[in-house]
Amino acid sequence: QVQLVESGGGSVQAGGSLTLSCVLSGGTFFDFTVGWFRQAPGKEREFVAVITRGGGNTAYADSVKGRFTISRHNAENTVYLQMNSLKPEDTAIYSCAAKLTWRLTPNRDAYDYWGQGTQVSVSS
C-alpha cells in the first residue's frame with residue numbers, strides 16, 4: 001500500500017520561506033512521478049509543481065515559477081518543495097500526489113495516491 005506523508009507546513013509572513021517534504025512508502029520511490037497541489041478555501045485543488053521519476057524533468061504553475069523549487073532525494077524516498085517569497089495568495093492546504101509513470105503531468109485527476117496535506121498560511 002503506497003502512502004504519502006507531508007510535513008513542513010506552517011505560518012509565515014509575506015516574503016518568508018518554507019520547505020515542504022513528502023515521504024513515500026510502500027512502493028519503489030524511483031518509479032513514481034510526484035506532484036504538489038494546493039487547495040485554498042472555496043477554491044478547487046490546483047497544480048503547483050511536478051517532478052518526474054529520477055528527477056530528470058520538472059514543471060511549475062505560472063503563479064509559482066521563480067519562487068518555488070521542487071526536488072527529490074531518491075535515497076530518502078522524499079520530494080521537497082522549497083517555497084520562497086511567499087505571498088498571502090499562497091495560503092492553502094498543500095498535498096503531494098504520486099503516479100507510476102515517467103510522464104510529467106499537471107493533471108490532478110491522473111494521480112493515484114495522495115497524502116493528507118499540510119497547511120501553509122501566509123500573512124501580509
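Since the model is a prediction, treat every value here as computed from it, not as a measurement.
- Here the shortest heavy-atom pairing between Leu18 and Gly8 reads CD2-O, 3.9 Å.
- Counting only heavy atoms from C-beta outward, the side chains of Leu20 and Tyr80 never approach each other to under 4.5 Å.
- With hydrogens and angles disregarded, no donor-acceptor distance shorter than 3.5 Å links the side chain of Glu6 to the backbone of Thr118.
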Return a table of donor-acceptor pairs under 3.5 angstrom between the side chains of residues 23-31 and protein atoms on other chains or two or more places apart.
none

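- At a threshold of 4.5 Å between non-hydrogen side-chain atoms, the residues Val79 and Phe32 do not count as touching.
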Residues 89-97 side chain polar contacts: donor-acceptor under 3.5 Å, at least two apart:
from	atom 1	to	atom 2	distance (Å)
Asp90	OD1	Arg38	NH1	2.9
Asp90	OD1	Arg67	NH2	3.0
Asp90	OD2	Arg67	NH1	2.7
Asp90	OD2	Arg67	NH2	3.4
Asp90	OD2	Lys87	N	2.8
Thr91	OG1	Pro88	O	2.9
Thr91	OG1	Val122	N	2.9
Thr91	OG1	Val122	O	3.4
Tyr94	OH	Arg38	NH1	2.9
Tyr94	OH	Asp90	O	2.6

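- The two residues Val34 and Ala98 have their closest heavy-atom pair at CG2-CB, 4.3 Å.
- The distance from atom SG of Cys22 to atom CG of Asn77, rounded to the nearest 0.5 Å, is 10.0 Å.
- Looking at Thr33, its side chain never comes within 3.5 Å of a backbone N or O of Thr52 through a donor-acceptor pair.
- The heavy-atom pair separating Gln39 from Lys43 by the smallest distance is NE2-O, 3.0 Å.
- Gln82 and Thr19 share a side-chain donor-acceptor pair at under 3.5 Å.
- Smallest separation of non-hydrogen atoms from Ala49 and Leu81: CB-CD1, 4.1 Å.
- In the hydrophobic clustering, Leu104 connects to Phe37, Phe47, Val50, Tyr111, Trp114, either directly or through intervening members, whenever side-chain heavy atoms lie under 4.5 Å apart.
- Taken to the nearest 0.5 Å, the CG atom of Asn84 stands 8.5 Å off from the CZ atom of Phe68.
- The salt bridge (charged side-chain N to carboxylate O under 4.0 Å, His left out) analysis of residues 69-85, with sequence neighbours excluded, yields no pairs.
- Listed by first and then second residue, the side chain to side chain donor-acceptor pair (under 3.5 Å) pairs involving residues 99-110 are Glu44-Arg108 (not counting sequence neighbours).
- When the side-chain contact (heavy atoms from CB on, under 4.5 Å) test is applied to Ser7, the partners found at least two apart in sequence or on another chain are Ser21.
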